[in-house]
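Below: one structure, written as structure tokens.
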There are 2 protein chains.
Amino acid sequence: MKKTILIIEDEEDLLELLEYNLQKEGYETLGFLNTKNVEKCLQEESIDLLIVDRNLPGMEGSEFVQTLRQKGFSQAVIFVTAKNSDTHVEEGFLRGCDDYVTKPYNMKELLLRIKAILARTAPQSNSKLSYRDLVLDLEAHTLHVNTKEVELTKLEFDLLRTLIENKHSVLSREFLLEHVWKSDDFFQDKTVNVAINRLKAKIDPIREKEYIKSVWGVGYSLC
Amino acid sequence: MKKTILIIEDEEDLLELLEYNLQKEGYETLGFLNTKNVEKCLQEESIDLLIVDRNLPGMEGSEFVQTLRQKGFSQAVIFVTAKNSDTHVEEGFLRGCDDYVTKPYNMKELLLRIKAILARTAPQSNSKLSYRDLVLDLEAHTLHVNTKEVELTKLEFDLLRTLIENKHSVLSREFLLEHVWKSDDFFQDKTVNVAINRLKAKIDPIREKEYIKSVWGVGYSLC
DNA sequence: TTAAATCATTACAATATGGTAACATAAAAA
DNA sequence: TTTTTATGTTACCATATTGTAATGATTTAA
């Protein structure tokens, strides 16, 4: 399993260079030019480490990390920044980083520091399922549609989960009754229709994107 | 429980200074002037972290660490050394250190780096758990809500602790009965409802902040 | 093109679930 | 001992959820 690294760096050239080198090392990367949307991403994706510049537009990087820590995010953080005075470094650590690298930096060293930290930080296996812009967090029991959280009932959640787990098959009503309702002979086929309908309405209220298609005479599948 | 740090440093003045500062921070220290007897000590004592100079009489520090790693010792290691070139640093990490600090160093920064590494390698054995403005002191067995102390019973404490330890997951009543009550088949699900309710009333009597949410048909989680 | 079959949508009722208070019992403290 | 505290259980009510039936739309096939 690839480890995922999230980078917040407002200088686009630097961001690109970093992403290039990290990907070459075998990491997944997610680049951000500012702190906007980062928190959402942390909730939805399984991030192993953050690389954060301190001079960011809008918000100071270390303050941002401090608020993340207060909210309970415990992912590893490395500050990569031009703020290189003793007091800056101390401030950085007090706000919750795991390592502090000053610009200009040696890329090899940074990669080694990342490796060292990732070897220590416990692999948090937050299991997730996704399909297109739907992200199902099985532990938090949440659905995010294009980064926006959507509330689902248990039945709807189980239904969508089954659909995503079998995204390449058309699932018959019988199959769904067995796997989602756990009993195929107590309920009617129509029950599935209504449940699918309700699910559709929740994940795509204005019917702009077609997620679920019905296959005439067979059942339902993701499209 | 105090954390123990083993130091290998051949300059006696530096060793003393380091031990003095580490002890002031509340660590146990064990100083060595060379690598002799260090391995024996690692086997006998419970060492949390090693601070190692690279220029040592008899053996090069990073090579020594490399042999330790090969023998299966996995304690955290920080090199503190005058060998400060890029290639030296890279070599240090490749031989298995967790952090690399070059001489002359800033004592405050070193202490912070030690703390950051220990937070990852010797996790919360005696520390605190927190979520938003809730702080659970596992040693003192107390809860502070926004710095104000709130009395909890043992059950309530264990319940909140389990919730915070799994802050990103929805916990089923079954799971909670197993982990908090230690027996899932002797108690009923409703027992959890009532316990959660009592906990809610204690940490937020006027229901102004929502800490615990119930997920219909699934269980409870922090929100 | 038309009729039958299948599906979508809506409204409504039945059911399951959760919150709360009251009570009972056990454990701890006085 | 008595008194207090902690905690499990039960009952009752409010509400979220979900099955079903009714109705209208769509698709298929003769």
Side-chain angles (χ1 to χ4, degrees), chain A residues 141-143 150-163 170-223, chain B residues 141-143 150-163 170-207 210-223:
Chain A
H141 214 267
T142 55
L143 165 68
V150 173
E151 301 250 338
L152 291 186
T153 70
K154 177 172 155 51
L155 183 79
E156 288 155 1
F157 190 89
D158 292 345
L159 183 54
L160 182 54
R161 174 184 180 159
T162 305
L163 285 168
V170 179
L171 305 178
S172 69
R173 291 174 176 71
E174 226 174 38
F175 178 93
L176 288 169
L177 282 175
E178 256 183 51
H179 287 76
V180 179
W181 280 260
K182 317 281 185 200
S183 134
D184 57 335
D185 38 42
F186 193 73
F187 299 101
Q188 321 178 6
D189 284 5
K190 304 234 174 169
T191 298
V192 180
N193 297 16
V194 180
I196 288 276
N197 214 306
R198 286 171 177 155
L199 177 58
K200 276 187 189 172
K202 285 221 182 149
I203 62 181
D204 185 21
I206 46 175
R207 303 292 155 107
E208 47 173 355
K209 321 168 207 172
E210 284 250 330
Y211 291 107
I212 302 168
K213 71 164 176 241
S214 80
V215 181
W216 221 81
V218 187
Y220 295 96
S221 87
L222 297 176
C223 31
Chain B
H141 217 266
T142 56
L143 165 68
V150 172
E151 298 253 339
L152 290 187
T153 69
K154 175 172 156 48
L155 183 77
E156 288 155 0
F157 189 88
D158 291 346
L159 183 54
L160 183 54
R161 174 185 179 156
T162 305
L163 285 168
V170 178
L171 305 179
S172 70
R173 291 173 176 72
E174 232 174 35
F175 179 94
L176 290 169
L177 284 174
E178 256 182 50
H179 287 76
V180 180
W181 281 261
K182 317 283 185 199
S183 135
D184 57 336
D185 38 41
F186 193 71
F187 299 101
Q188 319 180 7
D189 284 5
K190 285 269 183 180
T191 299
V192 180
N193 296 19
V194 179
I196 288 276
N197 219 308
R198 287 170 178 157
L199 177 58
K200 276 187 189 171
K202 285 223 183 147
I203 63 182
D204 185 21
I206 46 175
R207 302 291 155 105
E210 284 250 331
Y211 291 108
I212 302 168
K213 72 164 177 236
S214 80
V215 180
W216 230 81
V218 186
Y220 294 95
S221 87
L222 297 177
C223 34

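Just so we're on the same page: letters track the sequence lines, and every chain starts at 1. Quantities reported herein were computed from a predicted structural model and do not represent experimental measurements.
- Side-chain nitrogen and oxygen atoms of B:Thr153 include at least one within less than 4.0 Å of the OP1 or OP2 phosphate oxygen of D:dT7.
- At least one side-chain nitrogen or oxygen of B:Thr191 sits closer than 4.0 Å to the OP1 or OP2 atom of D:dT9.
- When the C1' atom of D:dT18 is taken as reference, atom CD of A:Glu151 falls 17 Å away, rounded to whole Å.
- The pair A:Lys200-A:Asp204 does not meet the salt-bridge criterion, since no charged nitrogen lies less than 4.0 angstrom from a carboxylate oxygen.
- Partner of B:Tyr220 under the side-chain contact (heavy atoms from CB on, under 4.5 Å) criterion, chosen from B:Leu171, B:Val170, B:Thr162, B:Asn193: B:Asn193.
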Inset, instruction - Start with the C-alpha gap between B:Thr191 and B:Gln188, add the side-chain angles, then the distance that decides, and say whether side chain to side chain donor-acceptor pair (under 3.5 Å) holds. - result: CA-CA 6 Å; B:Thr191 299; B:Gln188 319 180 7; 5.5 Å; no

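- Rounded to whole angstrom, the span from the CG atom of B:Asn193 across to the C1' atom of D:dA14 amounts to 14 Å.
- The interatomic distance linking A:Lys200 (NZ) with C:dC7 (C1') rounds to 9 Å, in whole Å.
- Considering only side-chain N and O atoms, A:Ser214 lies nowhere under 4.0 angstrom from the phosphate OP1 or OP2 of C:dT6.
- Within the structure, a side-chain polar atom (N or O) of B:Tyr220 is placed less than 4.0 Å from OP1 or OP2 of C:dG19.
- Counting atom types as modelled, B:Arg173 pairs no side-chain N or O with a base atom of C:dG18 as donor and acceptor under 3.5 Å.
- In terms of polar N and O atoms assigned as donor or acceptor, the side chain of B:Arg198 never comes within less than 3.5 Å of the base of C:dG19 in a complementary pairing.
- When atom types are taken as modelled, the side chain of B:Glu156 and the backbone of B:Thr153 share a donor-acceptor pair closer than 3.5 angstrom.
- For D:dG19, the OP1/OP2 oxygens have a side-chain nitrogen or oxygen of A:Trp181 closer than 4.0 Å.
- Note: NZ (A:Lys154) to C1' (D:dG19) measures 17 Å, nearest angstrom.
- Nucleic acid contact for B:Glu156: none, since no nucleic acid atom lies under 4.0 Å from a heavy atom of the residue.
- Atom C1' of nucleotide D:dA6 and atom CG of B:Leu199 are separated by 14 Å, given to the nearest angstrom.
- Scanning atom types as modelled, no donor and acceptor separated by under 3.5 angstrom connect the side chain of B:Lys190 and the base of D:dG8.
- The nearest whole Å value for the distance from the CG atom in B:Leu176 to the P atom in D:dT7 is 15 Å.
- Relative orientation of the B:His141 and B:Phe157 rings is parallel, given thresholds of 30° and 60° on the angle between their planes.
- Proximity note for A:Val194 (side chain, C-beta onward) versus C:dA5, D:dA21, D:dT9: the nearest is D:dA21.
- Atom NZ of A:Lys213 is separated from atom P of C:dC7 by 14 Å (rounded to the nearest Å).
- At the heavy-atom level, A:Val215 lies under 4.0 Å from the strands shown only through sugar-phosphate atoms.
- Among D:dG19, D:dA21, D:dT17, the nucleotide with an atom closest to any side-chain atom of A:Gln188 is D:dA21.
- D:dT17 atom P lies 17 Å from atom CG of A:Asn197, rounded to whole Å.
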